[in-house]
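A note on names: the letters A, B, ... follow the listed sequences, proteins ahead of strands, and every chain is numbered from 1. Scope of the values below: all heavy atoms of this structure, side chains included, with no hydrogens, waters or symmetry mates.
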Protein chains: 2
Amino acid sequence: MGHPHLSKEQVLDLLTIAFRRHGKDGATIAVLETATGLRRNSLYHLFPGGKGEMVAAVLDHAAALMYERALKPLQESGSPKYRLTAMCRALDDFYCSGREPCLVGVLSLGVPEDLVQQQITRAVTGWIEMLASVIEEAGIPSRRARERAEEAVIAIQGALVVSKALGSEHAFKRLMKRLPDDLLQPCIAG
Amino acid sequence: MGHPHLSKEQVLDLLTIAFRRHGKDGATIAVLETATGLRRNSLYHLFPGGKGEMVAAVLDHAAALMYERALKPLQESGSPKYRLTAMCRALDDFYCSGREPCLVGVLSLGVPEDLVQQQITRAVTGWIEMLASVIEEAGIPSRRARERAEEAVIAIQGALVVSKALGSEHAFKRLMKRLPDDLLQPCIAG
DNA sequence: GTCTATATTTTGATAGAC
DNA sequence: GTCTATCAAAATATAGAC
């Protein structure tokens, strides 16, 4: 008989891990069964839209988690340096120092449907904007702040790829250490 | 009657495009048929090991192409600045200004078999080393040169991810423009 | 070396009991 | 709300003609 062992939130956590590890097509229903401990029909019960709905839900869930853990601290009190450091610490945890890839990076591969592409674009755009806002607060001109924010997200995504490729956490951890100072470095010319 | 329309090289070119676009699992045999214009058995005739062998062969092929187009120019004559600029121009072409992803980034997803993981690690390591060598030639201390080379590869990979996510070539093109100067900037402290 | 055709396994998705 | 069992479609791979 029915035993609701897991909340939908918990299921989403487990699905997220699976999609990050295997990618959209590599994460077969069988893989998702193993990852969650649920049978396929339980998954279809939670997500009647099938795998497509699971992907969309997991993206939403991951975006919310990312906001809660890494982005909201950017908007709280404290110096820009302090807030950026808090974000980097959260990212180091979120991505397990580069051992786990970014869901956005993983799911933007292939030929994503329009909805997924929109979710991805929105997530990345929002991230860049929040970062730019903090950098600007520290006295960096608006346009330059926005460039640096974009470069930061690029570096983070790249570090995840390279860390995975080299099988080493070194690249990612070094970036997390340097990033706050790099982003706030005074401009030579405005 | 047999008509060998395509050389194995040409087939590998077409397979490479397909794997970059669809990823390892998204590139089904049907997709590869369409991409190459060959039927499945012709593909299995060329690659008796099936899809696994195709992936490995495509990685080798892409690494060779990458070396020929972007990395060999790094080792030829000319100033470091000139050679780095040549690489960036080649990369802009190779990745279609960020519209096409990196095969290494795509295939390092999922749980790659040992062989594939080794190919990926070797490709990225080699790239970083060649870059570091050029930067060092320009007078940057060895250790710092190696760091910058790694950061360059990180930025390139990250720019590919972000360009795809934002649906814009802007990030990648800007990086290709800045990279040569950034890499050769004099050190403040050795 | 390429084709048509088919075998086999896996995948995404449902049916129906409890 | 979870299970066992199953389906239809798609995936990987093979057989055999030419």
Q: Provide, to the nearest angstrom, the distance between the CG atom belonging to A/Leu43 and the P atom belonging to C/dT14.
A: 13 Å

Q: Looking only at side-chain atoms of B/Ser42, point me to the closest of D/dT2, C/dT2, C/dA15.
A: C/dT2

Q. Does B/Asp92 offer a backbone N or O that forms a donor-acceptor pair with the side chain of B/Lys173 under 3.5 Å?
A. no

Q. Between A/Lys164 and B/Ser108, is there a donor-acceptor pair closer than 3.5 Å when you use the side chain of the first and the backbone of the second?
A. yes

**Q.** Whole angstrom value for the distance that separates C1' of C/dT14 from NE2 of A/His45
**A.** 14 Å

Q: Decide whether a cation-pi geometry holds between A/Lys8 and A/Phe47; the criteria are a distance under 6.0 Å from NZ or CZ to the six-membered ring centre and an angle within 45° of the ring axis.
A: yes

Q: Keeping the roles fixed (side chain from B/Arg148, backbone from B/Leu183), state whether a donor-acceptor pair exists under 3.5 Å.
A: yes

Q. Are A/Arg178 and A/Phe172 in a cation-pi contact, defined as NZ or CZ under 6.0 Å from the six-membered ring centre and within 45° of the axis?
A. no

Q.
Tell me if a side-chain donor or acceptor on A/His61 pairs with a main-chain N or O of A/Ala57 at a distance below 3.5 Å.
A. no

Q.
Please give me every residue in residues 46-54 of chain A whose heavy atoms get under 4.0 Å of an atom in DNA chain C, ordered by residue number.
A. A/Gly50, A/Lys51

Q) D/dT14, C/dA13, C/dT14: which one has an atom nearest the side-chain heavy atoms of B/Tyr44? A) D/dT14

**Q.** Cationic N near anionic O, under 4.0 Å, B/Arg174 to A/Glu150
**A.** yes

Q: Check whether any side-chain N or O of A/Glu151 sits under 3.5 Å from a backbone N or O of B/Leu175 as a donor-acceptor pair, and report yes or no.
A: no

Q: Would you jot down, in residue-number order, the residues of residues 15-39 of chain A having a non-hydrogen atom under 4.0 Å from DNA chain C?
A: A/Thr28, A/Ile29

